[in-house]
Structure formats: C-alpha cells, structure tokens
Amino acid sequence: MSVLKVNDKEIQVTDEGYLENFADWDKDVANVLAKEEEIEELTQGHWHIIETLQKIYQEKGALPALRRLAKESGVKTKELYDLFPKKPLKKVAKIAGLPKPTGCG
C-alpha cells in the first residue's frame, strides 16, 4: 500500500495508485491522479466520462466494458482513447477513484 499526498491530506492507495477508499475521492484527488497518468488538465469531456463511470459503478457495483462506457456516455471509443490514451478504462477508473478494472494488465 502507498500514500498519495493531495493538499494536506494523505490518502491510501494501492501499489498501482488506485484509491483504497472511494470516500477519499474529490476533484483535487482526481486532478493529481490525472497528472500521474500524464493528463495535464481534466477538461469538460474528461469530467463527463469520469462522472458517467462513477454513476455506472454506483448503479451496478461493477465497472463496465469499454464499449458499454462509450455507449452510456455517448462518446465514441476513439474519443475515449483520445481523452485517456492507451488504456482508457484503466485510466478513467483510477482518476474516478474506482477499483482497477478486471482483466487490465
């Protein structure tokens, strides 16, 4: 387990940087996690995806496949890769304060 420092808070994260407790998540935490994922600024498009993924997780108790996230958010898969390069579901889950998706290396 590791610690992420955000402002004056110390937040417990897994060795891969995923939050141990979603209650620790806020927009400041998201911004720090985004920078760690080499996303310098979270735009309105990023926030739309983050909020959509959080909503799906809250309703279903599990993370969706990338295709379902694209469908639910109304954002094409290619756009998801543009917003969250290389591994969009893995990156957006981390930034959203959610667990690591199963099947992601």
Distance in Å, [X] [atom1] paired with [Y] [atom2], rounded so as to fall on 0.5 Å steps:
{"X": "L42", "Y": "I95", "atom1": "CG", "atom2": "CD1", "answer": "6.0 Å"}
{"X": "T43", "Y": "H46", "atom1": "OG1", "atom2": "NE2", "answer": "4.5 Å"}
{"X": "E10", "Y": "S2", "atom1": "CD", "atom2": "OG", "answer": "12.0 Å"}
{"X": "I56", "Y": "E72", "atom1": "CD1", "atom2": "CD", "answer": "4.5 Å"}
{"X": "L53", "Y": "R68", "atom1": "CG", "atom2": "CZ", "answer": "10.0 Å"}
{"X": "L89", "Y": "L80", "atom1": "CG", "atom2": "CG", "answer": "9.0 Å"}

Closest heavy-atom pair and its distance - [X], [Y]:
{"X": "A70", "Y": "K76", "answer": "CB-C, 4.4 Å"}
{"X": "I39", "Y": "L83", "answer": "CD1-O, 3.7 Å"}
{"X": "Y57", "Y": "P99", "answer": "OH-CG, 3.4 Å"}

Are [X] and [Y] packed together at the side-chain level, in the sense that at least one heavy-atom pair is separated by less than 4.5 angstrom?
{"X": "T14", "Y": "K100", "value": "no"}
{"X": "Q54", "Y": "L98", "value": "yes"}
{"X": "L69", "Y": "L63", "value": "no"}
{"X": "Q12", "Y": "N21", "value": "no"}
{"X": "K78", "Y": "D82", "value": "yes"}

Between L4 and L33, is a side-chain contact (heavy atoms from CB on, under 4.5 Å) present by the stated rule, with each step listed? CA-CA 9 Å; L4 177 71; L33 291 169; 3.7 Å; yes

Give a yes or no on whether a salt bridge exists between E40 and K35, defined as a side-chain N under 4.0 angstrom from a carboxylate O.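 No.
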
Are D26 and K9 close enough for a salt bridge, meaning some N to O gap below 4.0 Å?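 Yes.
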
Is the NZ or CZ atom of K91 positioned over F84's six-membered ring, under 6.0 angstrom from the centre and within 45° of the axis?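 K91 over F84 ring: no.
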
For Y18 and K90, run side-chain contact (heavy atoms from CB on, under 4.5 Å): C-alpha distance rounded to whole Å, both residues' side-chain angles, the deciding distance at 0.1 Å, then the answer. CA-CA 10 Å; Y18 291 84; K90 187 175 176 181; 2.8 Å; yes

For atom NZ of K71, decide whether the heavy atoms of other residues, nucleotides or ligands shown that lie under 6.0 angstrom number more than 12.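 Incorrect, the count does not exceed 12.
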
Should V3 and I11 be marked as a side-chain contact (heavy atoms from CB on, under 4.5 Å) after you check the CA-CA gap, both sets of side-chain angles, and the distance that decides it? CA-CA 5 Å; V3 173; I11 298 167; over 6 Å; no

Evaluate Y81 against K86 for side-chain contact (heavy atoms from CB on, under 4.5 Å), listing each step before the verdict. CA-CA 6 Å; Y81 276 92; K86 296 183 183 166; 6.0 Å; no

